[in-house]
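In what follows, a structure is listed as structure tokens, so that the remarks can point back to it.
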Amino acid sequence: MSDLPARRLLLVHAHPDDESINNGATMAKYTAEGAQVTLVTCTRGEEGEVIPPHLAHLAPDRDNALGPYREGELAEAMKQLGVIDHRFLGGPGRFHDSGMMGVEQNDRESAFWAADVDEAAALLVEVIREVRPQVLVTYDPNGGYGHPDHIQTHRVAMRAADLAAGPGFRTDLGEPWEIAKVYWNRVPRSVAVEGFARLRDALAEPGRLPFTKAAAVIDVPGVVDDWIVTTEIDGAAFAAAKAAAMRAHATQITVAEPFFELSNELAQPLFSTEYYELVRGGHEGGGRETDLFEGVEGVEGNVSAPEQNGAAL
Ligand SMILES: [Zn+2]
């Protein structure tokens with residue numbers, strides 16, 4: 001295990017595109033700095049609505065080919081971020097997109113929402129014990145906005161973090177590993193409010209944006225009062241990489257920097273600074289952290305300069 005990079009970050013997401021929207025700048029930054037970034041995506045997003053008319057045939061009620069297509073979009077997005085290690089929980093197609101809360105797809109046998117949390121968590125334990133991350137990023141208990149797959153992702157990720165550390169749990173899945181710090185994705189309310197003010201100004205300029213209507217602050221996953229946010233990662237240097245990664249998810253996202261739109265045709269701000277709530281692990285001193293690895297033992301002095309690896313992006 002001594003050949004692992006010193007800093008190791010694991011992100012667990014529900015569908016392809018969630019990683020780029022929530023953490024694209026963070027992933028690009030840590031990859032550029034030489035950290036190991038591992039993405040685990042729990043479903044292929046088969047139930048997503050398709051934006052471009054020429055790809056509408058992929059939809060579940062037509063060719064039902066969105067899963068494999070979105071695998072390709074995710075691979076391209078990871079190329080844009082420089083992330084090499086991306087996997088699907090249990091392999092591609094093991095768990096299916098459950099659709100929005102309340103639809104009949106929630107109850108399908110293969111739906112991620114219907115999966116046994118411990119069984120799904122054991123699949124993630126194997127990854128955790130292999131890549132030994134000091135930092136885990138996932139969603140809050142409501143999955144940011146209540147989507148069943150996002151809620152389930154939270155449950156599975158938190159459960160796996162516990163199980164992976166247990167010396168008695170499934171020794172066949174590797175040596176126990178305790179994750180030092182766990183974060184949930186957040187957006188400070190003041191940042192969202194300010195972003196929507198900029199968006200409304202831009203929408204008021206005729207012809208400036210390919211969008212017509214703005215979403216509302218309440219539509220942004222993970223929005224909380226500012227004081228709840230413990231950590232902010234300045235990804236300004238990686239804003240272009242993040243936008244390119246989002247653009248790679250063309251079935252789901254239309255990008256016009258620094259804004260974007262989902263299939264609901266409501267525009268939102270695209271944030272290059274990304275925010276987190278530390279829910280496990282220490283945070284010393286006042287003020288927000290500016291590094292997910294702050295205070296993690298044994299990682300100081302192992303950071304390669306961004307300019308050395310940045311070219312690889
Ligand atoms: Zn999602």
Side-chain angles (χ1 to χ4, degrees), residues 10-27 39-51 55 58-60 66-78 81 83 86-90 92-103 105-106 108 110-115 117 120 124 136-158 183-187 215 218-223 242 245-255 260-266 268-271 274-276:
L10 172 65
L11 304 102
V12 185
H13 275 291
H15 312 112
D17 81 358
D18 294 316
E19 79 297 323
S20 297
I21 297 169
N22 284 279
N23 314 110
T26 301
M27 294 169 78
L39 169 69
V40 174
T41 308
C42 295
T43 81
R44 296 189 295 178
E46 296 89 344
E47 298 296 320
E49 286 176 40
V50 178
I51 296 174
L55 295 173
L58 298 169
L66 197 48
Y69 193 86
R70 292 186 72 180
E71 256 185 83
E73 290 184 333
L74 180 62
E76 176 58 28
M78 293 305 94
L81 300 178
V83 172
H86 56 97
R87 320 162 180 215
F88 285 90
L89 186 66
R94 168 72 182 262
F95 300 106
H96 283 118
D97 190 332
S98 312
M100 300 302 276
M101 190 65 90
V103 302
Q105 288 90 330
N106 293 177
R108 280 199 301 219
S110 62
F112 190 46
W113 183 238
V117 171
L124 189 55
L136 167 68
V137 170
T138 191
Y139 313 113
D140 68 33
N142 188 40
Y145 72 110
H147 190 294
D149 291 328
H150 286 238
I151 295 171
Q152 186 79 322
T153 296
H154 163 87
R155 291 175 181 167
V156 167
M158 299 302 286
Y183 291 95
W184 295 341
N185 290 305
R186 292 301 191 193
V187 176
I218 198 172
D219 299 320
V220 177
V223 169
K242 175 173 181 167
M246 288 174 64
R247 209 168 256 126
H249 293 288
T251 61
Q252 306 298 309
I253 309 176
T254 310
V255 179
F260 72 101
E261 198 172 84
L262 301 172
S263 64
N264 60 9
E265 299 186 346
L266 297 173
Q268 301 183 38
L270 193 169
F271 302 114
E274 294 167 344
Y275 300 87
Y276 301 91

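Indexing begins at 1, ligand by ligand and atom by atom, following the structure's order. Below, all heavy atoms of this structure are taken into account, side chains as well, without hydrogens, waters or symmetry copies.
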Review point. What angle, in degrees and rounded to 10°, do you get at the Zn ion (ligand 1) when you join it to ND1 of His15 and to NE2 of His150?
Key: 110°
**Study point:** Under 3.5 Å donor-acceptor, Glu73 side chain and Pro16 backbone
**Key:** no
Review point. Hey, are Asn23 and Tyr276 close enough side-chain-wise for a donor-acceptor pair under 3.5 Å?
Key: yes
Exercise for review: Indicate if the distance from the Zn ion (ligand 1) to the nearest N, O or S atom of Asp149 falls below 2.8 Å.
Suggested key: no
Review point. What is the distance from atom CE of Met100 to atom CG of Asp149, rounded to the nearest 0.5 Å?
Key: 10.0 Å
Exercise for review: Run the salt-bridge test on Glu47 and Arg108 with the 4.0 Å N-O cut-off and return the result as yes or no.
Suggested key: yes
**Study point:** Atom of Asp18 nearest the Zn ion (ligand 1) (restricted to N/O/S, atom name only)
**Key:** OD2
